[in-house]
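Structure first, then comments.
Residue numbering restarts at 1 for every chain, and letters A, B, ... go by the order of the sequence lines.
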There are 2 protein chains.
Amino acid sequence: MIAGMEQDGEHPWERAWRERDPAFDGRFFIGVRTTGVYCRCVCPVRQPFRCKIEFLPSAAAAEAAGFRPCLRCRPETAHFCPAWKDSLATIERAVWLIVAEGALDGDGTVDALADRLGITSRHLHRLFIRHWGATPSAVARTARVQRAKRLLDMTGLPMSDIALRAGFGSLRRFNAVFSQVYRWPPSAMRRPRSVSPPHRPTSP
Amino acid sequence: MIAGMEQDGEHPWERAWRERDPAFDGRFFIGVRTTGVYCRCVCPVRQPFRCKIEFLPSAAAAEAAGFRPCLRCRPETAHFCPAWKDSLATIERAVWLIVAEGALDGDGTVDALADRLGITSRHLHRLFIRHWGATPSAVARTARVQRAKRLLDMTGLPMSDIALRAGFGSLRRFNAVFSQVYRWPPSAMRRPRSVSPPHRPTSP
DNA sequence: ATGCTCGCCGGAATCGGACCTCGTCCGGCC
DNA sequence: GGCCGGACGAGGTCCGATTCCGGCGAGCAT
């Protein structure tokens, strides 16, 4: 318990604990006397009664006071993020595989990606909606469009090559998706550069 | 598909499937064409549309028709009971450990028992309520009373010995629990035999 | 005296609610 | 065909309330 926190109104930790404020995550910890568990202030489990808890300035202090770490919020881990380390590690790896490795391009499916991550495709989908706000295939599509835009700006490759290199399975899909995102067909996005081309960088 | 089941009203399997009738469990199986899965009629998942399923007389017939067994209701298992084989196997083992081995006597706890079964004590509790209608400790208490009653009828042991041998941790608890179950103290239950005892079966 | 029963009492184990994660299957959509 | 999201269950974690446990000591009968 922190000394001298009863006077002059309410300690900031009080409110942070009540509201599960992520801004205070890792700045202090809550020990529950009835269960001997200590939590982060963002822990999703139902909160105990105020009279049953005490505030602690660090995980080490909580351990020293005889509390064990909560199995849900993992207060003993070092890094604090908007959500759990487990879920975040999984989805961050998934995003990396999609964006950098093109795990969903070509014949790669969401099921295959989920298998690589050790979870079901349904759960991978849920994680994307929760932590990324979009579905796996939507993230893959966005990544493909970004890659295509880059090739469009920086090279003079023909459209069919750009579509294939960006990860699209066909020129048809490339045109359709690109048009939907940029409200303009791919050739229109390159026009400003191709008005006065110095020369064709590729072989005829 | 069973031949000749369209005419003369409704086949019994139709109703059994709709109502998930446990009485027909194992008597027939349902193949779902859209997913290639075959189920028992008690399967808890949402039921597919009637037009998407076909009835099959055995698990072997379903496998031969190209369906794979459902992972929820486990139609490929041989024995059919009111509930799943997994849950039943676990709780049957738990009951055996409690009644035969006295897993909850002495210093044995529900937590330790759950650990031996590979689940949490909370879930073990849930399984007992669902499949047995009583909590683990209640089953243990009943078993202790049964053992004590047997010793009471068949031996002339003193009360303290009976209490300990039956698995009670103290004479105090033995008296209290026995009285609550039989509405009479232990000595009263032995009185009819001890009115005219042929002889004491134990050494003096 | 010895053995059995029972009220009292503080601490520990149990009980059941609330909430969460994840798996499985399904119909609808593209 | 794959992707999407709804429905629902299994199982895990924490929590407050309740019950259970075992020792102590007092009656009571043999």
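In this structure, B/I129 reaches the sugar-phosphate backbone alone: every heavy-atom distance under 4.0 Å involves primed, P, OP1 or OP2 atoms, never a base. Across all strands, A/R141 comes closer than 4.0 Å to no nucleic acid atom at all (heavy-atom distances). In this structure, B/R144 reaches the sugar-phosphate backbone alone: every heavy-atom distance under 4.0 Å involves primed, P, OP1 or OP2 atoms, never a base. The residue B/R68 sits close only to the backbone: its heavy atoms come under 4.0 Å of sugar-phosphate atoms, none of a base.
Atom CG in B/D111 sits about 15 Å away from atom C1' in D/dC20, given to the nearest Å. Atom pair B/L124:CG and D/dG11:C1' shows a separation of 12 Å (rounding to whole Å applied). Between A/H123 atom NE2 and D/dG5 atom P there is a gap of 15 Å when expressed in whole angstrom units.
Side-chain atoms of B/R172 come within donor-acceptor range of the base of D/dG23, with a qualifying N/O pair under 3.5 Å. If you check distances only, the side chain of A/R126 does reach the base of C/dG23 with a donor-acceptor pair under 3.5 Å.
Candidate nucleotides D/dC3, C/dC4, D/dG6 were compared by shortest atom distance to the side chain of A/R122, and D/dG6 ranks first. Closest to the side chain of B/F49, out of C/dG28, D/dC15, D/dG23, is C/dG28. Of the listed nucleotides (C/dC6, D/dG5, C/dC15), D/dG5 has the atom at the smallest distance from the side chain of A/H125.
Of the side-chain N and O atoms in A/T135, one or more sit less than 4.0 angstrom from OP1 or OP2 of D/dC4.
A/E76 and A/Y38 share no donor-acceptor pair across their side chains, judged by distance under 3.5 Å alone.
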